[in-house]
Number of protein chains: 2
Amino acid sequence: MDRIDRKLLELLQRDASRTNADLAEKIGLAPSSCLRRVRRLRKTGVIDRIVAILNPAKAGRTLKAVVTVELKLHGEQHMRRFLDFATRENAVSQAYAVTGQTDVILILRLRDTEELNAVCERLFEDQSNVTRFYTMLVRRTAKDDTAISM
Amino acid sequence: MDRIDRKLLELLQRDASRTNADLAEKIGLAPSSCLRRVRRLRKTGVIDRIVAILNPAKAGRTLKAVVTVELKLHGEQHMRRFLDFATRENAVSQAYAVTGQTDVILILRLRDTEELNAVCERLFEDQSNVTRFYTMLVRRTAKDDTAISM
DNA sequence: CCCGTCATGCAATAAAATTGCATCGTTTTG
DNA sequence: CAAAACGATGCAATTTTATTGCATGACGGG
């Protein structure tokens, strides 16, 4: 993992649709050498996957919310059960067990407030293990990167 | 935007590295027709971009943290200034202005706790516009999807 | 100093994307 | 109601791109 690999990763994290020849030229290598590096990065798992990122508005998910969740019972199995439950919801795009002010943080992608309500009703129903939860609607997204700076 | 488009988007959000011929076969179209659909989805911006997703551990960012931030001054320009400031930090992967319990939520990707400390010192220094902030370390990531379910 | 290892570039080959064209179903228009 | 227009499709030819074999040169260990 040298300077060239890092440069490759930077480029591919921004745009993985460019051709290998382009990529090769940008980093100053022959196409074949470049390709072999990229393949190695994929094989070793540094590059996990190549995906399409949609425009949320044009894909019909205009609303984003962050929800912090406090659990009643904190045992490992209770935590796991809640996370499994939350993970199954399509609207949940990220789900984290955290230390500190709360127990779980969810990030939701929603069509509208109606869907928000429906998801909350399912996740935080009476017999669920949730003491309380705070819903914060995203007013403005200043940054939302998939890239990891190298 | 019909059933086939939605199926295409589902597939491409999981794996955009497959060949057009593969994709075409999976959805039951000829390669040329499939390609034209994908190109349209890109051109109209439904597909925003194609990117490489790295394995955070193998890319040297093992630590993730969620930080909630309360501002002193809440005017639009103060909010903007803080968000601009936060956005410039490489470790900040997501930055949201939100309604509700707090003002700003940041999601950080860090090498170690030392970097966490350094970032916090820069973002929440004395003359910054921050009343207080809560740092929550991610213990477990149950879900972290880039996909939007269609 | 020689050998083994590894990454590289070049050129040939294989695979994939792209395009032109004809067809078919649907909608619009006269 | 029929004709025209539009859009999406499949096929096959063409262009572009990825991939591979091979020879070269750099580097480190014995």
Side-chain angles (χ1 to χ4, degrees), chain A residues 1-62 90 111 145-150, chain B residues 1-62 90 111 145-150:
Chain A
M1 171 84 79
D2 57 10
R3 204 185 51 80
I4 296 180
D5 281 342
R6 273 188 288 274
K7 184 74 183 165
L8 274 174
L9 292 174
E10 298 249 339
L11 291 169
L12 289 173
Q13 285 188 102
R14 311 218 173 289
D15 181 3
S17 72
R18 64 183 109 225
T19 66
N20 181 53
D22 260 23
L23 206 57
E25 198 214 316
K26 280 211 172 49
I27 60 167
L29 274 186
S32 56
S33 311
C34 179
L35 182 67
R36 274 185 285 251
R37 273 178 184 265
V38 173
R39 241 183 342 212
R40 181 170 48 73
L41 289 169
R42 283 239 246 167
K43 188 167 183 188
T44 57
V46 180
I47 295 176
D48 183 53
R49 60 197 198 278
I50 308 288
V51 301
I53 303 293
L54 305 193
N55 178 328
K58 295 189 178 170
R61 299 264 178 180
T62 49
N90 275 336
R111 300 196 178 285
D145 260 14
T146 51
I148 295 174
S149 72
M150 300 295 308
Chain B
M1 172 85 78
D2 57 8
R3 205 186 50 79
I4 296 180
D5 281 343
R6 275 187 287 273
K7 184 74 184 166
L8 273 174
L9 292 174
E10 299 251 336
L11 290 169
L12 289 174
Q13 285 188 101
R14 312 221 171 286
D15 180 4
S17 73
R18 65 182 108 224
T19 66
N20 180 54
D22 261 21
L23 205 58
E25 197 214 317
K26 279 209 172 51
I27 61 168
L29 273 186
S32 57
S33 311
C34 180
L35 180 68
R36 275 185 284 251
R37 274 178 183 265
V38 174
R39 244 186 337 213
R40 182 170 48 73
L41 290 169
R42 284 238 245 167
K43 190 167 180 190
T44 57
V46 179
I47 296 176
D48 183 53
R49 59 196 198 278
I50 309 287
V51 301
I53 303 293
L54 306 192
N55 178 329
K58 295 189 178 170
R61 298 264 178 178
T62 49
N90 275 336
R111 299 194 180 285
D145 261 14
T146 51
I148 295 174
S149 72
M150 299 298 305

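Order of the sequence lines sets the chain letters (A, B, ...), proteins ahead of strands, with each chain counted from 1.
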Neighbours of DNA chain D within residues 4-23 of chain A, by heavy-atom distance under 4.0 Å = A:T19, A:N20, A:A21
Test applied, salt bridge (Lys or Arg N to Asp or Glu O under 4.0 Å); reference residue, A:D5; option that passes from A:R37, A:R42, A:R36 | A:R37
About how many Å separate CD1 of B:I50 and CZ of A:R14, when rounded to the nearest 0.5 Å?
-> 16.0 Å
Whole Å only: how far is the CZ atom of B:R37 from the P atom of D:dG7?
-> 14 Å
Contacts of B:R111 meeting side chain to side chain contact (heavy atoms under 4.5 Å, CB included) (sequence neighbours excluded), chain-then-number -> B:R61, B:E115
For DNA chain D, find the residues of residues 39-53 of chain A with a heavy-atom distance under 4.0 Å and give them by number; none if there aren't any.
-> A:R39
Atom of A:A52, atom of B:A16 and distance for their closest heavy-atom approach = N-CB, 3.7 Å
Compare every heavy atom of A:N20 with every heavy atom of A:P31, then report the nearest pair and how far apart it is.
-> O-ND2, 2.9 Å
Any pair with a residue in residues 46-59 of chain B that passes side chain to side chain donor-acceptor pair (under 3.5 Å), sequence neighbours left out, goes on the list, sorted by first then second residue, please.
-> none
Rounded to the nearest 0.5 Å, how far apart are CD1 of B:I27 and CG of B:L29?
-> 4.0 Å
Pairwise distance NZ(A:K7) to CG(A:L23) - rounded to 0.5 angstrom = 10.0 Å
Nucleotide C:dG25, atom P - distance to CG of B:D2 in whole Å | 18 Å
Please enumerate all protein N or O atoms sitting under 3.5 Å from an N or O of nucleotides 24-29 of chain D, with distances to 0.1 Å.
none

Supply the atom-to-atom distance A:S149 OG to A:L9 CG, rounded to the nearest 0.5 angstrom.
-> 11.5 Å
To the nearest 0.5 Å, tell me how far A:T19 OG1 sits from A:L35 CG.
-> 11.0 Å
Are the side chain of B:Q13 and the backbone N or O of A:L54 linked by a donor-acceptor pair below 3.5 Å?
-> no
dist A:E10:CD -> A:R6:CZ (nearest 0.5 Å) comes out at 9.5 Å
Nearest-Å distance, CG (B:L35) to C1' (D:dA8)?
-> 14 Å
Between protein and nucleic acid, restricted to nucleotides 10-13 of chain D and to nitrogen or oxygen atoms under 3.5 Å apart, what atom pairs and distances do you find?
from, atom 1, to, atom 2, distance (Å)
D:dG10, OP2, B:A30, N, 2.7
D:dG10, OP2, B:S33, OG, 2.8
D:dG10, N7, B:S32, OG, 3.4
D:dG10, O6, B:R36, NH2, 3.0
D:dC11, N4, B:S32, OG, 2.9

Keeping the roles fixed (side chain from A:D145, backbone from A:A147), state whether a donor-acceptor pair exists under 3.5 Å.
-> no
